[in-house]
A.B. asks: 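Take this structure first; my questions come after.
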Amino acid sequence: MVLYDDKEMIARIDRLRKSRHAVILTHNYQLGEVQDIADFTGDSLELSMIAAKNSAEVIVFCGVRFMAETAAMLAPEKTVLLPVATAGCLMADMADGEALRQLKAQHPGAVTVCYVNSTAAVKAECDLCVTSANAFELVRNIPADREIIFVPDRNLGGNIIRATGRPMIMWDGFCPTHMRITPAMVQARRREFPAAKIIAHPEVRPEVAELCDEVMSTGGMCRYVKSAPCRELIIATESGIIHRLRKENPDLVYIPLSEQIVCPDMKMTRLGDVLRALETMQPRITVPEPLRERAVLPIRRMLEQSARFAPAQ
Ligand code: SF4
């Protein structure tokens with residue numbers, strides 16, 4: 001095996017990116033070294049919009065499996081690579097299609113809404129997909145006389161109920177990384193940095209969200225800090241976002257709510273994995289066509305509806 005230093009690896013990635021007509025999409029939670037070589041870094045909504053529209057022939061998705069699966073469903077004619085095949089999402093794996101079918105049978109007529117952090121088999125059972133960037137608006141938009149089943153994140157669901165007042169039948173999933181954030185941690189940071197604003201991701205528990213100043217997606221955080229009303233910000237989400245915030249707005253001070261808020265799967269991908277993926281064109285993510293045809297529908301509905309609620313850039 002030949003070992004390259006980072007500079008050589010980046011040069012090789014750049015050459016292959018051009019010759020393969022590839023685009024590198026990187027989630028906001030990825031390691032800084034991977035964010036720095038990306039064509040686009042963003043949250044799930046931003047990256048799925050790019051995957052749907054981009055003209056590249058190859059998408060290298062630096063994130064976790066459900067994200068690459070979403071890209072593969074939106075752009076089946078493209079080659080979608082997930083540099084580390086085992087990078088998954090524990091929350092997405094907490095729901096399965098068969099159990100969801102059984103729940104739906106108990107609530108005929110309900111609108112079934114899935115968080116994008118779900119498998120293709122779960123999406124195939126759903127009417128509408130949402131991300132943390134658009135979930136609040138899209139749920140508000142569901143006719144008031146319809147029951148709603150929400151899968152798999154009970155914390156995002158709880159935060160939507162808190163904000164919209166819409167009752168929902170909730171799946172019992174959660175993000176183990178965001179679950180580590182407790183109300184006591186928020187209160188301790190607040191005492192330590194009284195002038196700071198605390199911004200949290202809606203995957204935190206509702207009782208945590210209640211103690212924070214703002215609750216938003218990572219893409220929302222990137223926009224928020226551009227006109228932040230303070231110099232210090234406490235970040236209550238996965239630590240990877242701080243790399244991007246610092247890079248784009250270096251004059252502000254970013255304090256992680258806790259050093260423990262790290263998703264192991266989001267940290268699996270290194271530069272060497274991206275290079276190997278481009279060299280070998282593996283691991284490739286595909287979704288069998290009959291499943292894709294059903295699972296892409298709630299994602300398409302989301303993209304159409306969220307275009308109407310897009311925040312001003
Ligand atoms: S941070 Fe949580 S929701 Fe996001 S990929 Fe990791 S386990 Fe899944």
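Since the structure is predicted, the reported quantities are computational estimates derived from the model, not experimental observations. Whatever order the structure lists them in is the order used to number ligands and atoms, beginning at 1.
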A.B. asks: Near atom 8 (Fe) of ligand 1, is there an N/O/S atom from Cys89 that is less than 2.8 Å away?
C.D. replies: yes
A.B. asks: Just need the protein heavy atom nearest to atom 6 (Fe) of ligand 1, so name the residue and atom and give the distance.
C.D. replies: Cys263 SG, 2.3 Å
A.B. asks: I want to check something: taking the side chain as every heavy atom from C-beta on, are Leu45 and Ser306 in contact at a cut-off of under 4.5 Å?
C.D. replies: yes
A.B. asks: Can a side-chain donor-acceptor contact be found between Gln102 and Gln106 if the only test is distance below 3.5 angstrom?
C.D. replies: no
A.B. asks: Note the single closest protein heavy atom to atom 2 (Fe) of ligand 1, along with its residue, its atom name and the distance in Å.
C.D. replies: Cys175 SG, 2.3 Å
A.B. asks: Numbering the atoms of ligand 1 from 1, which are under 4.0 Å from a heavy atom of Met91?
C.D. replies: 3 (S)
A.B. asks: Among protein heavy atoms, which sits nearest to atom 4 (Fe) of ligand 1, and what does the distance come to when rounded to 0.1 Å?
C.D. replies: Asn117 ND2, 4.1 Å
A.B. asks: Should Leu128 and Phe136 be regarded as members of a common hydrophobic cluster, given that ILVMFWY residues are connected when their side-chain heavy atoms come within less than 4.5 Å of each other, either directly or indirectly?
C.D. replies: yes
A.B. asks: What do you reckon, is NZ of Lys267 surrounded by more than 12 foreign heavy atoms closer than 6.0 Å?
C.D. replies: yes
A.B. asks: Could you see which bit of Glu203 sits under 4.0 Å from ligand 1, with heavy atoms only: side chain, backbone, both or neither?
C.D. replies: side chain
A.B. asks: Please verify the inter-ring angle class for His201 with His178; under 30° counts as parallel, over 60° as perpendicular, anything in between as tilted.
C.D. replies: tilted
